[in-house]
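Reading through the structure tokens given below for one structure.
Start at 1 and go down the list; that is how both ligands and their atoms are numbered.
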Amino acid sequence: MAPAVVGVTGGKGGTGKSFVATNLAVLLSREASLVLADLDVEAPNDHILLGLERLEGEEPIAIFFPLIDYSKCTACGACAKVCDTGAIVMARGRPPMVFPRLCSGCKACLYVCPYDAISPEGRRVVGYTYSTPVGRGGGFRLVTGVLREGEEHTPPAVVAAKRRALREAEGSELLLVDTGAGSGNSITAALQYAGLVVAVTEPTPLGLHDLRAILEIAQGLGARVWVAINRAGIGDDAPHERLAREYGAELVARIPYDPAAVKAYARGEPVVEACPECPSSRALGELAEALAGALGSLGVEAA
Ligand code: SF4
Ligand code: SF4
């Protein structure tokens with residue numbers, strides 16, 4: 001059975017998407033089988049928010065890397081011309097030099113080399129995925145993608161971690177995906193197959209700006225969107241509600257600014273466990289209940 005895929009995303013960093021995703025995972029795992037995927041590969045922190053001391057089940061993320069056979073290379077320069085990341089550099093009269101950290105593994109150089117001087121077998125490790133059991137709620141697995149420090153390209157790591165999460169979630173009811181910050185290719189890759197996107201925003205002009213970007217992405221993916229306003233009450237969220245309506249999205253939650261949530265966050269404890277009756281926990285509980293009710297109507301296109 002393929003799981004329903006629900007993405008939690010937030011545009012710029014700091015809107016509280018990981019806070020929402022981890023608390024939802026704890027609440028929903030009491031009723032449903034699920035996997036939480038932390039695809040914020042540059043700065044994954046769901047394990048910290050869940051109080052885990054270490055990640056388990058390490059698997060390397062290996063991508064293509066051009067290994068050049070210099071006995072065949074004529075220094076024609078075709079590979080450098082096609083490489084749009086600047087990973088291949090030619091110096092006059094010399095064979096190409098390859099800078100590993102700039103290489104995205106796209107294979108364009110492999111395909112254009114007229115002398116078969118590039119091996120299709122070359123690989124390099126750009127990061128790792130982990131799968132860690134979490135004892136909180138009813139128990140679930142946390143799949144985490146981690147990009148190696150200094151690497152330039154996040155999409156290969158996101159795609160690898162998403163694949164592992166889909167594999168680990170086989171037979172579960174839900175795959176909850178916590179994306180990275182921003183609205184680029186990595187976010188689109190993380191949200192692929194999502195039947196529902198929970199857009200976490202905050203009642204600020206910057207939050208409104210980023211909400212539009214998320215709504216655009218979700219529209220492109222054909223996903224239904226729910227908007228959750230975090231730190232509700234610190235500013236005016238009427239423009240957010242209007243924007244959501246404009247895109248056919250539903251404003252489903254206002255999670256109030258709550259000092260108890262801030263304290264729990266700092267301790268690495270989900271607020272829904274640390275203070276179940278606090279205002280933010282009650283709002284998260286209502287959001288989890290709505291999500292549980294919608295699970296049956298969310299499918300997965302492919303896995
Ligand atoms: S695989 Fe792509 S990014 Fe890497 S060196 Fe070749 S063309 Fe450049
Ligand atoms: S395309 Fe092939 S032959 Fe030409 S410089 Fe690159 S590796 Fe050498």
Side-chain angles (χ1 to χ4, degrees), residues 7 9 11-13 37-44 55 58-131 143-167 177-194 213-214 216-217 220-221 301-303:
T9 193
K12 78 178 182 69
D38 187 353
L39 303 190
D40 189 357
V41 298
E42 285 181 278
L55 296 173
E58 180 177 283
E59 289 180 7
I61 302 170
I63 65 169
F64 171 77
F65 179 71
L67 288 180
I68 298 175
D69 179 344
Y70 289 104
S71 68
K72 293 183 182 172
C73 176
T74 63
C76 71
C79 54
K81 274 194 203 120
V82 80
C83 178
D84 64 6
T85 67
I88 303 185
V89 173
M90 303 294 299
R92 192 184 291 266
R94 294 189 168 208
M97 278 186 300
V98 189
F99 293 88
R101 300 236 156 151
L102 296 179
C103 172
S104 67
C106 72
K107 295 189 179 173
C109 52
L110 172 71
Y111 298 133
V112 300
C113 177
Y115 301 100
D116 288 334
I118 298 178
S119 163
E121 307 300 328
R123 293 285 181 279
R124 73 187 185 94
V125 172
V126 294
Y128 299 90
T129 62
Y130 298 84
S131 177
V143 171
T144 310
V146 183
L147 192 68
R148 274 174 87 175
E149 222 176 297
E151 288 294 337
E152 298 277 330
H153 302 284
T154 52
V158 171
V159 168
K162 180 73 176 283
R163 274 203 200 115
R164 183 161 186 192
L166 283 164
R167 202 174 79 216
V177 175
D178 181 15
T179 76
S183 53
N185 290 348
S186 297
I187 308 306
T188 313
L191 293 177
Q192 200 183 12
Y193 309 134
I214 299 167
E216 289 282 341
I217 291 176
L221 291 169
E301 283 174 32

(message) To check your reading of the model: name the closest protein heavy atom to atom 2 (Fe) of ligand 2, its residue, and the distance in Å.
(response) Cys113 SG, 2.4 Å
(request) May I ask you to check whether Cys79 brings an N, O or S atom to under 2.8 Å from atom 6 (Fe) of ligand 2? (result) yes
(message) I need the contact type for Ala75 against ligand 2. Using non-hydrogen atoms and a strict under-4.0 Å cut-off, is it side chain, backbone, both or neither?
(response) backbone
(message) Among all protein heavy atoms in this structure, tell me which lies nearest to atom 8 (Fe) of ligand 2, with the distance rounded to 0.1 Å.
(response) Cys73 SG, 2.4 Å
(message) I'd like to know whether ligand 1 has Val82 as a neighbour, heavy-atom separation below 4.0 Å.
(response) no
(message) Under the salt bridge (Lys or Arg N to Asp or Glu O under 4.0 Å) definition, can you give me all pairs with a residue in residues 82-107, not counting sequence neighbours?
(response) Arg101-Glu151
(message) Using a 4.0 Å heavy-atom cut-off, which part of Cys83 comes near ligand 1: side chain, backbone, both, or neither?
(response) both
(request) Return yes if a side-chain donor-acceptor contact under 3.5 Å exists between Tyr128 and Glu58, otherwise no. (result) no
(request) Grab the two heavy atoms, one from Val158 and one from Leu39, that are nearest each other, plus how far apart they are. (result) CG2-O, 3.9 Å
(request) Heavy-atom contacts with Tyr115 under 4.0 Å: which atoms of ligand 2 show up? List them by number with element. (result) 3 (S)
(message) Looking at non-hydrogen atoms alone, which of Ile88, Ile68, Thr85, Leu102 comes nearest to atom 5 (S) of ligand 1?
(response) Ile88
(request) Could you list the atoms of ligand 2 found under 4.0 angstrom from a heavy atom of Gly77? (result) 4 (Fe), 5 (S)
(request) Specify whether an N/O/S atom of Cys109 falls short of 2.8 Å from atom 2 (Fe) of ligand 1. (result) no
